[in-house]
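Computed over heavy atoms, backbone and side chain alike; hydrogens, waters and symmetry mates excluded. Letters go in sequence order (proteins before strands), and every chain restarts at 1. Quick caveat: nothing in here was measured; it's all calculated off a predicted structure.
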There are 2 protein chains.
Amino acid sequence: MVGNSSRITERDGLRADARRNRERILVAARAVFAEHGIDAPMATVARRAGVGVATLYRHFPTRDALVRATFAEQTEICGRALTDALADPDPWRGFRRLLETVCELQRQERGFPAAFVAVFPDSAVDHARVRERAERDLMTLVRRAQAAGALRADFQPSDLAVALLSHCGLVNALPHDRAASRRLVAYLLQSFRADAAHGALPEPSTLSLRGFPLPADGSREQRPSGA
Amino acid sequence: MVGNSSRITERDGLRADARRNRERILVAARAVFAEHGIDAPMATVARRAGVGVATLYRHFPTRDALVRATFAEQTEICGRALTDALADPDPWRGFRRLLETVCELQRQERGFPAAFVAVFPDSAVDHARVRERAERDLMTLVRRAQAAGALRADFQPSDLAVALLSHCGLVNALPHDRAASRRLVAYLLQSFRADAAHGALPEPSTLSLRGFPLPADGSREQRPSGA
DNA sequence: GTACAAACGGACGATCTCGTCCGTTTCGCA
DNA sequence: TGCGAAACGGACGAGATCGTCCGTTTGTAC
């Protein structure tokens with residue numbers, strides 16, 4: 001609040017070179033993670049970014065922090081996809097698009113699936129508030145799609161997590177096989193339709209949406225895009 | 001053929017202590033892989049087995065060899081499941097049981113899913129002959145189930161690989177959540193039914209059964225059980 | 001019991017990764 | 001231009017894993 005010795009005019013409080021390096025690191029991390037997985041040595045990322053390891057660690061103290069920041073964009077799209085799904089007048093279409101969008105992300109950005117799996121069941125998620133909103137939104141989406149008679153009545157919100165995690169696993173196992181991924185998504189969607197219900201399903205998982213990749217500060221509050 | 005200096009009376013040409021240690025190592029490996037994943041340090045396995053690392057490496061020169069040997073039993077069950085499925089008079093039931101059996105294996109023996117994924121798309125599979133037989137058998141199974149009107153006509157043999165790999169991914173991500181696993185299997189099976197077909201599926205994957213876990217020497221030729 | 005070869009096991013050097021320390025450079029402001 | 005703080009980057013020690021080497025033990029045959 002009171003005057004700091006050296007004020008920075010830039011918007012994020014970082015010096016110009018620091019901001020530049022941060023960006024370089026993120027670009028490098030995306031490439032390295034795509035090529036070698038999210039367990040790739042930190043030094044590899046640093047070298048690729050053209051910075052020293054110390055700089056890397058200064059910006060991202062842990063690998064986890066780097067992974068999250070690297071896939072923040074994907075994470076944000078996930079959050080918006082949920083909001084968009086909820087906004088769709090056709091609840092089934094909204095539901096379908098949500099699944100397709102997230103799966104498309106998973107197959108597009110190699111490394112993201114591993115990050116998704118790594119972060120998903122993790123309890124160290126940033127804001128409980130965001131999680132709650134995501135769970136609530138998803139619940140609403142499911143209820144609406146069921147009320148419309150499109151989504152089978154015994155579908156549980158946790159089934160979406162099941163679908164996403166299994167799709168992640170497939171993409172991790174076969175990073176190049178887009179056809180396999182699309183095939184799985186198509187099958188899953190068909191089995192979720194109300195008219196595909198044949199007999200009772202086994203007990204649902206107790207898995208919640210804890211850790212569903214969402215931006216740490218909400219998906220819409222602060223987008224650094226236009227204004 | 002002609003007299004060796006020190007002949008061993010035992011059946012597998014190993015000395016008694018060597019055979020004992022080999023067994024101990026396999027037991028230890030199963031436990032360690034279940035607990036720490038198939039990337040667990042070799043020394044951990046050796047310690048748990050009560051042998052030196054050198055002994056471990058003597059029996060299994062590479063981690064891959066150890067992993068394969070450790071899950072040879074599961075692998076064999078996979079092979080038999082395919083044979084059994086083919087033998088079932090009801091082709092759909094055979095098909096269903098095949099998927100359920102393999103998935104049950106995957107969720108039972110922790111570590112097996114990872115091994116499954118690690119070995120599956122790998123080209124270093126033992127006998128091309130076995131692979132070919134598996135592919136042929138699976139093709140037959142699929143054709144029959146389709147002819148019976150139970151399995152949807154656009155199902156491809158590669159879709160079974162898709163199902164198994166995605167299920168593996170799920171079990172890897174949530175090793176404790178059996179409900180999630182069962183749920184996925186139920187959904188997949190329903191979506192494979194002929195009466196679940198709604199609209200066209202995307203292009204099938206070109207993935208073959210290369211590496212489908214099968215015993216190296218065929219599943220039935222030599223079972224050291226009774227005679 | 002003895003001899004020989006097979007099998008054992010611990011120690012060891014090599015390699016890799018992590019994360020920090022600290023001297024040097026660069027930026028922002030006056 | 002000059003100053004102070006922020007940021008940089010390479011080097012480095014700690015810790016972990018790998019796979020081999022070699023002296024010792026143990027099993028088998030005679």
Reading 5' to 3' through nucleotides 9-19 of chain C, protein heavy-atom contacts under 4.0 Å coded B for base, S for sugar-phosphate only, - for none: BBB-----SSB

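Contact check on A/R97 versus A/D84 returns no salt bridge, with no Lys/Arg side-chain nitrogen under 4.0 Å from an Asp/Glu carboxylate oxygen. Using a 4.0 Å cut-off between charged nitrogen and carboxylate oxygen, A/R136 and A/E132 do not count as a salt-bridge pair.
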Output a table of nitrogen or oxygen pairs between the protein and nucleotides 24-26 of chain D separated by less than 3.5 Å.
unit_1 : atom_1 : unit_2 : atom_2 : d
D/dT26 : O2     : B/R15  : NH1    : 3.3
D/dT26 : O2     : B/R15  : NH2    : 3.2

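In this structure, B/D64 places its CG atom 12 Å from P of D/dG19, rounding to the nearest Å. Per the geometry, CZ belonging to B/F60 stands 13 Å off P belonging to C/dA7, to the nearest Å. Between the CD1 atom of B/I38 and the C1' atom of D/dT17 there is a distance of 16 Å, given to the nearest Å. When rounded to the nearest whole Å, the span between CZ of B/R47 and P of C/dC8 equals 18 Å. Atom-to-atom, CG of B/L56 to P of D/dT20 comes out at 12 Å; the value is rounded to the nearest Å. Remark: C1' of D/dA16 and NE2 of B/H36 are 15 Å apart, rounded to the nearest angstrom.
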If you apply the rule side chain to side chain contact (heavy atoms under 4.5 Å, CB included), what do you find for B/L188 with A/L188, and how did you get there? CA-CA 7 Å; B/L188 286 174; A/L188 287 174; 4.2 Å; yes

Pair A/R63-A/M42, side chain to side chain contact (heavy atoms under 4.5 Å, CB included): steps then yes or no: CA-CA 7 Å; A/R63 157 175 277 109; A/M42 298 289 263; 4.1 Å; yes

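Note: B/F155 and B/F192 have perpendicular aromatic rings, judged against thresholds of 30 and 60 degrees for the angle between ring planes.
The number of heavy-atom neighbours closer than 6.0 Å to CD of A/Q108, taken from other residues, nucleotides and ligands shown, is above 12.
Panel note: side chain A/T83, backbone A/G79; a donor-acceptor pair is recorded below 3.5 Å.
When the options B/L98, B/V117, B/L99 are evaluated for a side chain to side chain contact (heavy atoms under 4.5 Å, CB included) with B/L164, the one that passes is B/L99.
For B/H59, a side-chain nitrogen or oxygen approaches OP1 or OP2 of C/dC8 to under 4.0 Å.
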